[in-house]
2 protein chains.
Amino acid sequence: MAAVLPLADLKRQVAPDTWINSIIKGDCVAALEALPDHSVDAIFADPPYNLQLGGNLHRPDQSLVDAVDDDWDQFASFEAYDVFTRAWLLACRRVLKPNGTIWVIGSYHNIFRVGAMMQDLNFWLLNDIVWRKTNPMPNFKGRRFQNAHETMIWASRDAKAKSYTFNYDALKASNDDVQMRSDWLFPICSGGERLKGEDGKKVHPTQKPEPLLARVIMASTKPGDVILDPFFGTGTTGAVAKRLGRNFVGIEREQDYIDAASARIAAVEPLGKAELTVMTGKKQEPRVAFNTLVESGLVKPGQVLSDAKRRVSAIIRADGTLAANGEAGSIHRLGAKVQGLDACNGWTFWHYDDGKTLRPIDELRSVIRSGMAKLD
Amino acid sequence: MAAVLPLADLKRQVAPDTWINSIIKGDCVAALEALPDHSVDAIFADPPYNLQLGGNLHRPDQSLVDAVDDDWDQFASFEAYDVFTRAWLLACRRVLKPNGTIWVIGSYHNIFRVGAMMQDLNFWLLNDIVWRKTNPMPNFKGRRFQNAHETMIWASRDAKAKSYTFNYDALKASNDDVQMRSDWLFPICSGGERLKGEDGKKVHPTQKPEPLLARVIMASTKPGDVILDPFFGTGTTGAVAKRLGRNFVGIEREQDYIDAASARIAAVEPLGKAELTVMTGKKQEPRVAFNTLVESGLVKPGQVLSDAKRRVSAIIRADGTLAANGEAGSIHRLGAKVQGLDACNGWTFWHYDDGKTLRPIDELRSVIRSGMAKLD
DNA sequence: ACGGTGCATGAATCAAGTG
DNA sequence: TCACTTGATTCATGCACCG
């Protein structure tokens, strides 16, 4: 797990087992060039924020704030940052599968430039997600609002990509059965999760919290997917991907970060298959034609179906169509017609009388499906 | 109030009384050209979002979503939108005072382009603010996260502007004595606040809620300041500015919107000077001890206080503490104790009988505070 | 005057599979 | 690529109406 690959050994190698679940050491764009076209399912990118810090910042007690002033976060100008951003985004886009999606996280210092560039490069923005921090750093000078959030952009490769992965039902189930919103609340990375060096100092200045990555990965990937992180740092993406039964590829320049990430990922225990099973909606269940209900005898030709309030009714015909008012058609078409609508889900609209109460025919479809499941 | 000015009458007139508190009818950039250099203290801009909607969207009940499909939101391309954005931002920058600040609101469709352009034009970003909606529209198809927020960018005219207005202490005091964060929670504009035409339909598709504007204006302007809104719409900025003792200038193209805004603003009653002074004071709201109420005679030793439903009661002692069931303590400690809780806000928990009804003692604190305000 | 039910609606880049 | 079919999909709030 987490082999470290020297960049020179890679030349757009197609065999995934040469680079999957490894950290490629080298410059981000050069390393991306070594990966094959359309080879990763998702990308999580935490690029340098281009913080434009003037002098040092002191707390009210005069202690010095340990700001992000590393070499890799220094850009001479917006133009230089744009050139850098365009290069790594383009390289990512080539490597991403046509139905893959990309996440980029940033703050107000850089996220507007990144988002505009993504639009310029034909990524299609799906959402912007706000990470609200429960415990953000205060604003010490009292000259601005406390900067209490960061922004993530989630985008598909292009506007036409319709079948990207989004585990809507699992997210909703995990969120008290209401759909997941675009504002997420998580603590910053601290305590035992925060990697510290032998000197007790944090290894990386902007280590992201694992729960944040976990939601990203659970929302937009499937088990077994390959997730690329072109700014791997201390490997939060890799650690969470491994724990959640996904694969990763990391790109990182600094040996200290690579060392920390390798050890970290090696210690991760993946979850079992049962725990990883994602709740899915009706969409993913096998298709059942209404005629199957007729053929199996669950409903009978001549039987009357009605809507939930018995305002309209129709008769089942032997070919699996319905008839009412001299018209006939599928359960969906006729359901739409009797309501004067363009569309209708006949499975939930039409009901049958079980002797006591009206029940949707969708329940009979479930009976068929459970019978099919037993054949597995 | 809210005179409507034909654009032709204005030629960078310096005398502010010719355009202050009026709505200029005309194209945004052309109208901005008519205003003098460095003439407004703050700008709030709600530009078109450039939504690129495909076909129609239906709810699960097949009803049609009333989308924003107005002509003013149609742009041929990102490039066309950028040209438009650059033009109005540049014009705003000339009109803004050197120490003025600008707010721009948008969604993920446009805010990244706007933010990047602002940086390119040398605005200096101070914060990005997230407006979290309590009641956003759901995502009906379950293909994305519910889009539950919009983003505002707050920026000064340039990096060197250090003495912009930011009422840090007033914001902190209004926020339970912790500094105001970058994520704000407000409902969308609906109910009685939402302007409706004679046909019962909304006058403007994107009317912003007044509390949002109130926080913007209270945070970044002083009483008497001039606030420009280059996309005035139905005049939320003007209405809130007038109520809060500020001046406004609006620019709007559509006569229907101008008519609605004029009538709306005319009906606004400005707050009194005392109320505004309290709200904008540099110090936090003065702390009032319960004993001050006793000393001032608003409550009397021996008087009985109870909770809102008369389930528990306590007696006021001369030293400003309460006693009940053989225990005594502050209004907060005793309130917590009688409820079996760890903490309690005694000001809102305890009520007194004014002869007709039970009223919270917090109202008596307000009486003390307004008396203190009159001493200013 | 209430409480309960039903309905309308808000800045929305909102489906997937088959032939 | 287009046309057509199948059938999946919503949260909070305000207001009208009714008993």
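On a predicted model such as this, the values are computed, not experimentally measured, just so you know. Below, chains carry the letters A, B, ... as their sequence lines are ordered, and counting in each starts from 1.
In this structure, B:N139 places its CG atom 16 Å from C1' of D:dA12, rounding to the nearest Å.
Along DNA chain C, the stretch of nucleotides lying under 4.0 Å from any heavy atom of chain A spans, 5' to 3', C:dT13 to C:dA16.
Applying the side chain to side chain donor-acceptor pair (under 3.5 Å) criterion to B:T206, with sequence neighbours excluded, gives B:H204. Scored by the side chain to side chain donor-acceptor pair (under 3.5 Å) test, A:R215 finds no partners at all (sequence neighbours excluded). For the ring pair (Phe, Tyr, Trp, His ring centres under 6.0 Å) test, no residue two or more places apart in sequence or in another chain qualifies with A:W350. For A:F186, the ring pair (Phe, Tyr, Trp, His ring centres under 6.0 Å) test picks out no residue, with sequence neighbours left out. Residues passing the side chain to side chain donor-acceptor pair (under 3.5 Å) test with A:T151: none are found, sequence neighbours excluded.
The side chain of B:P138 approaches D:dT10 more closely than any other nucleotide in the set D:dT13, D:dT6, D:dT10.
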Output one line per pair: protein atom, nucleotide atom from nucleotides 15-19 of chain D, and distance, for all N/O pairs under 3.5 Å.
none

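At a non-hydrogen distance threshold of 4.0 Å, A:K162 from residues 155-169 of chain A come into contact with DNA chain C. Contacts between residues 56-66 of chain B and DNA chain D, defined by a heavy-atom separation below 4.0 Å, involve B:P60, B:Q62, listed by number. Of the residues in residues 308-323 of chain A, none lies under 4.0 Å from DNA chain D by heavy-atom distance. Taken residue by residue, residues 73-85 of chain B places heavy atoms nearer than 4.0 Å to DNA chain C at B:D73.
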Pairing pattern in dot-bracket form [Watson-Crick, G-U; both distances under 3.5 Å; | = partner strand] for DNA chain D: .|||||....|||||||||

